[in-house]
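What follows is one structure encoded as structure tokens, with my remarks underneath.
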Amino acid sequence: MAEHSRPQHQPRERWGSRTGFLFAAIGSAVGLGNIWRFPAVAYENGGGAFLLPYLAALLTAGLPLLILEYSVGRKYRKSPPAAFRALGKPGQFIGWWQVAICFVIATYYAVILAWAIRYVGFSFGQDWGDDPEAFLFGDFLRTAETPGDVSDAFVGGVFWPLLAVWLVVLFVLYLGVRKGIEKANIIFIPMLALFFVVLVVRALTLDGAATGLDAFFTPDWSALGDGSVWVAAYGQIFFSLSIGFGIMVTYSSYLGRRSDLSGSALVAGFSNSAFEILAGIGVFATLGFLAAESGVGVGEVATDGLGLAFVAFPAVISTMPAGWFFGVLFFGSLVFAGFSSLISIVQVVVASVQDRLRVGRAVAVVTVTGAIGIISLLLFSNDNGLYLLDAADHFINQYGIVLAGLAFVVFVAWWLRRLPQLQQSVNATSAVRLGWWWVACLGVVTPLVLGWMMIDSLLAEFETNYGDYTTDFLLRYGWSVALGALVVGILISLVPWRSDEELPPTGPGGPGGTADLPEGRRH
């Protein structure tokens, strides 16, 4: 029987190979933020010196938390709500909170992917003309002059590629974990690597590239004494590794019992960081060229996010020889990176619906993808879509993902004190054994850093309105989105599970038991 129609008595889906799992994990981690966020964060926080706190953040928070999520997913072989419930019944609300966060993120993440697809086509004729900014906000997005409510002024140039994105996601997820997600990532990740390597090589040959790289790598050692630089490093690692909102718990639930977890985490973590540094080289070599052409300093053209991808890079493409080729490489890279990440985000919701409602994959995929896709099309393919996207993205990232990740770590490390047992489970099958440092990082470093990130972010939030939006607009489309995800998580967790879905008994084979350890390692 096909994977997507698996009845409940059949075993849980599995990855076809460790390589397939690693490609999927790397594909989830390497997303749009790696390309347009990391270079600017590094540049603004000490340049080359930023790599030291960045590495510290990777080793003391990123990799330990990644391994923790792998261990929980493999041990309980369930989606986040069911896995956290198996850990400790009150924890299921954290899982549903993460599912709600993924639902929200998927609705707008697909929109940026649709823009990138359109810009692949725009690159051939450089349709943005002499003013890429006016083209983006005016001709393409037709953005309303002021932020407002959801509008009925739909933008066909966004609607149709967005619909195509959701149809592709539906098709991939419908095929299942092995035939769909794994095979898609085995295509997407090599293509992303090929496109981006060629793009970087081309960028390095541009006039002014050396100036851009000097700006990116020249270290400002004094920045290391600034606490905000360290917060930025931990924030970048946290957001770029796809940790804190259930993806890696879900993906690792399809692993075999003897899978190497710590080794896989090291490969995925360092691959993600290597791509970020490569992105920094490509972006700043390109910005160096733009600065030289414009007769200004690199700092005047350095930007991130939408401004980098859809304004600065089109300006570069318009001024360089064979710019269309460079444009296809850049926006093609965004497409491949975006698809692999979007698929992983939606899969969290699909797996959770499967586990909770005990339905087959086909029903879960069509229901979940259809619901998210319809909401995405209604909210973001109109002339207010950009404003809604900006507000929702800021608040769900700053106060959804971080808080949910903090709650998960505190629940496992402090409330349940389950880290030693999970450490034993990882060490039983992994090449790189975890020591006391893993427990210390998760029990002390990660909670303190995430807690400080929240405090630091809130202090800045209350000083001035994000994006100069009105308070009313931010309450409706920012704060309400972040708080709504938490409320939804709590409400769903209050719905009783059926008696045949009750927790397995504690002991061998149950939560905290040793049935998942290979023979000879059970104590």
Any side-chain heavy atom of Met248 sitting closer than 4.5 Å to one from Ser242?
yes
Does one side chain, of Thr369 or Tyr174, offer a donor that lies under 3.5 Å from an acceptor on the other?
no
Any residue meeting ring pair (Phe, Tyr, Trp, His ring centres under 6.0 Å) with Phe238, in chain and number order, not counting sequence neighbours:
none
Around Trp437, counting heavy atoms of other residues, nucleotides and ligands shown, do more than 12 lie under 6.0 Å from its CH2?
yes
State the CZ-CD1 distance between Phe23 and Ile187, to the nearest 0.5 angstrom.
11.5 Å
Taking the six-membered ring for Trp, are Phe38 and Tyr54 ring centroids under 6.0 Å apart?
yes
Exam field: side chain Arg433 to backbone Ser262, donor-acceptor pair closer than 3.5 Å
no
Flag the pair Trp96 / Phe84 as yes when their ring centroid distance falls below 6.0 Å, and as no otherwise.
no
Within the 6.0 Å centroid threshold, strictly below: Phe313 and Tyr119:
no
Keeping Arg118 on the side-chain end and Gly157 on the backbone end, is there a donor-acceptor pair under 3.5 Å?
yes
Donor-acceptor contact present, side-chain Ser28 to main-chain Ala25, <3.5 Å:
no
Taking the side chain from Ser341 and the backbone from Gly338, do they hold a donor-acceptor pair closer than 3.5 Å?
no
Using a 6.0 Å cut-off, check whether atom CH2 of Trp479 has over 12 heavy atoms from anything other than its own residue.
yes
Taking side chain as C-beta onward, heavy atoms only, is Ser240 less than 4.5 Å from Gln236?
yes
Greater than 12 external heavy atoms within 6.0 Å of Phe325's CZ
no
Would you please say whether a donor-acceptor pair under 3.5 Å links the side chains of Tyr254 and Gln347?
yes
For Leu32 and Ile112 the tightest heavy-atom approach is CD1-CG2, 3.5 Å
Can you check whether Arg257 reaches Arg77 side chain to side chain, under 4.5 Å on heavy atoms?
yes
Side chain proximity check, Val445 to Tyr234, heavy atoms < 4.5 angstrom:
yes
So Phe275 and Phe196, ring-ring contact (aromatic ring centres under 6.0 Å, His included) or not? Walk me through it.
CA-CA 9 Å; Phe275 185 86; Phe196 215 77; 4.9 Å; yes
Ile372 side chain reached by Trp166 side chain, heavy atoms, under 4.5 Å:
yes
Tell me if a side-chain donor or acceptor on Gln98 pairs with a main-chain N or O of Gly244 at a distance below 3.5 Å.
yes
Report, one line per pair, each donor and acceptor closer than 3.5 Å where one atom sits in a side chain of residues 401-410; sequence neighbours left out.
none

Does Val177 offer a backbone N or O that forms a donor-acceptor pair with the side chain of Glu13 under 3.5 Å?
yes
Just checking, is any N or O donor in the side chain of Arg74 or Ser259 under 3.5 Å from an acceptor N or O on the other one?
no
Is there a donor-acceptor contact under 3.5 Å from the side chain of Tyr399 to the main chain of Ser457?
yes
